[in-house]
Amino acid sequence: MKTKNILALSLILFAVKFGVISCGEKEIHTTPQLGKDKIEDVIAAMTSDEKIGLTVGDGKFLPAVESKNIEQGTGIIIANQNSKMVIPRLSIFSSALSDGPSGLNRDPLPPGATEYTYTTAWPTSTCLAATWNLEMINKVGAAFGNEVLEYDYDVVLMPALNIHRNPMCGRNFEYYSEDPLLSGKLSAAMVNGLQSNGIGATLKHFLANNQETNRRTYNAVISQRALREIYLRGFEIAVKESAPACIMTSYNKLNGFYTAENPELLQDIVRGEWGYKGTFMTDFDGYGSAVAKVRAGNNMLMGGNMDEVNELTAALKNKTLDENTLDKNLVYNLQLKLSSPRAKGYKPSMIPDLETHAKIAAEAASEGVVLLKNENNTLPLKGEKTVALFGKIGYYLIEAGTGSGGIRSNKYAVSVNEGLKSAGFKVLDELEKNYVDFIEKTKKENLVPPYFDNPKMRADNGITNDQAPPHFAKRLVAFSKEQPLSAKEIENYESKSDVAVITLGRSGGENYENGYLPITQVELDLVRNVCTAFHASGKKVVVVLNVGGVWETASWRDFPDAILLAWQPGQEGGNVVAEILKGRVNPSGKLPDSFPLKYEDLPSAKTFPGEPAENPVNSFYNEGIYVGYRYFDSFNVPTAYEFGFGLSYTSFEYSDLILSSNQFSDKIEVKVTVKNTGEVAGKEIAQLYLSAPGDVVEKPVQELKGFAKTKLLQPGESQQLTFELNALSLASFQSGISSWIADKGDYEVRIGASSKDIRLKANFSLPKEMVVEKVNDVLFPNFYMNELSRK
Ligand code: BGC
């Protein structure tokens, strides 16, 4: 080739590389632009450093350019405050992410600032789960997603759907249930609602992040069957029924490998078997190898650090990582950006309709409250005017738990005290003053609560002296000691009131196993003494529970007349409780978890949170598939309140159970009629449990295979509910052949008002064993497992 030609070619290559060809006066941009050109071309135009820079922390270490510095009109997508132009040359912006699930968790109002736009504190996930109402969850998701959109975020890091394996887990308030079907269906409804706004949702934490102890390192040892039937199942349902934009891998290891590094999990199962097309991201600042994560197909290493950048740079150099692998991964990252409303030019308003959202939050919470006890129809209250409100939490609602899944940017949280007053009750002011002063004193003294006496917790929380650090502000009252009251003081309050309401509460959250802190002696004395004093005068006592999940009730539940489980109900909590006490709302929530008589009764109690106990390395899920009611029902262990339990102010009758066939071929439709036989309007949650033959592999006594909530039925009104059973509903996972198998034989359909209160039964048969699905034989446990068995 002649020198002249070589020179010309080099010039063209230079121009192409740097994106500019000069054509007389006019410059033509040839560099591909995200949003205009093919994703593959955009990736091809990136340097290796840019590829690494976008993979690690989504551009966090690239020299970001603020949008206001970018000239308009060049075809560049303008990113505003929550997103940065990380590769302006190619119009590549970072995705703006924010946390959930209790609310869009933005920074709180900065000290001294007056203007601030708040976010809604929604009922927490356990409360939402107790609604069993997919339409309601979808509605919450749509409103929640609107705040994500209007506050200029592309992706919200929720829903979280880890299984409630053990109630100690501090993050259980962020998760839904002990049951995978309920968790999966609720998550799908939530994702569909959120994503109806065009923003992306994230399923997390994938997989087996069922404890907080050593969450960044512990190895969950789980059989292939328990993985398939319990831990993967909810994610599978959510992926297939809602196509979430992202999946966040967990911090922990699973059967020997970090989940974030495991191609069997990400590629074979999620992409291969479930057909997932979205983006994987790691949980923030986890351990492990950046190269392993990238090679496993993790698309975004979040939050990203320089060690990861250096590791990937070295790996490209020494050829342990091929640049093609980065290219393939980046497609998903860029697709995520392109699908965002930002890429489509949406201009966020920064003013979502918070008033409407508050109403939806109240509506959802009022369907999630569970009436656990109502002796002699104590509730709704009838004419009792003056309420003696005991317990500091009655004056200080715990709207959500703590950590990234909590909420800091809500404007208010209505306490039970405020709610009672708005509903027209009189709250005994002497007692109110007593507690308000006590709370103020607690805040003023600002002492580290006794709960943080443990050195690990002190270190984790940066506590160096007796004074609580600023990040305790939201939990100081919840974690501080309850105020002791003498019998004499209680008698005085009793003489001036018509009814007692005692509110007991617990906070809990990320990093700690504080989900099941037992009732204290002061609280126990309070319940007992208040009940003694009020009952002596023929007055009633109601206990309201403001807790994030399963709690111990057996030691005190016999004392009060009624118990209302309000969970952590979001900002409208106090109003919702008051409306239910008043009878304007009929409670219709049911338990998404079994409430044990005592902690030791739980199947995971012996192995949680792993071995060695003082610093767990491995956590053996030896209970296998026997999680929650699957265990209690199959091993005849009594509970305080069973899975699916919840009372109402009315009664329901179940009738006309009809199966579309008594022999299974590919599906069976099940119909049942529910009638309101009481005197007030109400909603009922009907549950379908299936009892399957266990000749090939052993089965739990029964498993939830469907559920439906009625509309608000007026007295005397009926509704027919329909469920569908497909082949997978009949099947169990047989690890040896890595297949879902439906046993031949007789199946019993049980329709219940709870897992124990079965109202109707019908049978069908499967004439021949059926291989429903063969799947990849992956994720073996790295230990011999001595799993629980009924045989
Ligand atoms: C949590 C995630 C959260 C992330 C970002 C992590 O520590 O486990 O749930 O989304 O932080 O805040």
Side-chain angles (χ1 to χ4, degrees), residues 56-60 82 94-108 119 122 124-126 144-145 148 151 153-164 169-176 183 187 190-191 194 199-218 220 234-235 238 244-254 258-260 278-288 293 298-305 308 336 400-409 460-462 471 474 508-515 548 609:
V56 178
D58 195 30
K60 185 172 170 181
N82 290 331
S94 64
S95 294
L97 318 178
S98 189
D99 265 313
S102 307
L104 183 66
N105 199 0
R106 305 167 76 212
D107 285 335
T119 61
W122 302 98
T124 55
S125 304
T126 331
F144 193 138
V148 178
Y151 283 132
Y153 293 97
D154 304 306
V155 175
V156 62
L157 304 175
M158 63 168 290
L161 63 148
N162 294 96
I163 290 291
H164 289 166
C169 175
R171 297 192 85 170
N172 278 358
F173 77 98
E174 297 184 51
Y175 308 147
Y176 293 113
S183 303
S187 299
M190 178 59 84
V191 171
L194 289 164
I199 56 100
T202 309
L203 299 185
K204 72 184 187 184
H205 310 89
F206 191 66
L207 188 71
N209 186 174
N210 306 99
Q211 67 185 57
E212 289 300 287
T213 311
N214 289 348
R215 66 177 180 149
R216 282 188 162 79
T217 55
Y218 98 95
F235 283 94
C246 301
I247 295 178
M248 183 191 286
T249 51
S250 56
Y251 287 128
N252 55 282
K253 291 179 190 153
L254 167 64
Y258 280 113
T259 56
T279 308
F280 285 109
M281 71 171 83
T282 66
D283 199 347
F284 286 54
D285 310 319
Y287 298 160
K293 289 173 192 172
N298 223 319
N299 308 113
M300 291 161 76
L301 309 190
M302 301 306 289
N305 60 51
E308 290 171 328
L336 177 69
T402 55
S404 62
I407 169 113
R408 298 162 298 160
S409 35
D460 287 351
N461 277 283
H471 67 93
K474 269 226 158 187
E510 191 168 355
N511 265 316
Y512 308 108
E513 305 299 16
N514 53 11

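Counting convention: from 1, in listed order, for ligands and their atoms alike. Remember, predicted model here, so these are calculated numbers, not experimental data.
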query: Do Thr249 and Thr259 get their side chains close enough for a donor-acceptor pair, meaning under 3.5 Å?
result: no
- request: Determine whether the side chains of Arg171 and Ser404 contain a donor N or O and an acceptor N or O closer than 3.5 Å.
  value: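 A pair is found: one side chain offers a donor N or O, the other an acceptor, under 3.5 Å apart.
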- prompt: Would a distance-only check, ignoring hydrogens and angles, find a side-chain to backbone donor-acceptor pair under 3.5 Å from Lys474 to Arg408?
  reply: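 No, Lys474 side chain to Arg408 backbone: no donor-acceptor pair under 3.5 Å.
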query: Near ligand 1, which residues have a heavy atom under 4.0 Å away from one of its atoms?
result: Asp99, Leu157, Arg171, Lys204, His205, Arg215, Met248, Tyr251, Asp283, Phe284, Ser404, Glu510
field: Glu212: partners by salt bridge (Lys or Arg N to Asp or Glu O under 4.0 Å), with sequence neighbours left out
entry: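 Applying salt bridge (Lys or Arg N to Asp or Glu O under 4.0 Å) to Glu212 gives Arg215.
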statement: With sequence neighbours left out, the residues meeting side-chain contact (heavy atoms from CB on, under 4.5 Å) with Asn172 are His164, Cys169, Tyr175
- request: List for me each residue that meets side-chain contact (heavy atoms from CB on, under 4.5 Å) alongside Thr402, sequence neighbours excluded, and say none if there are none.
  value: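 Here the qualifying residues are Arg475, Ser507.
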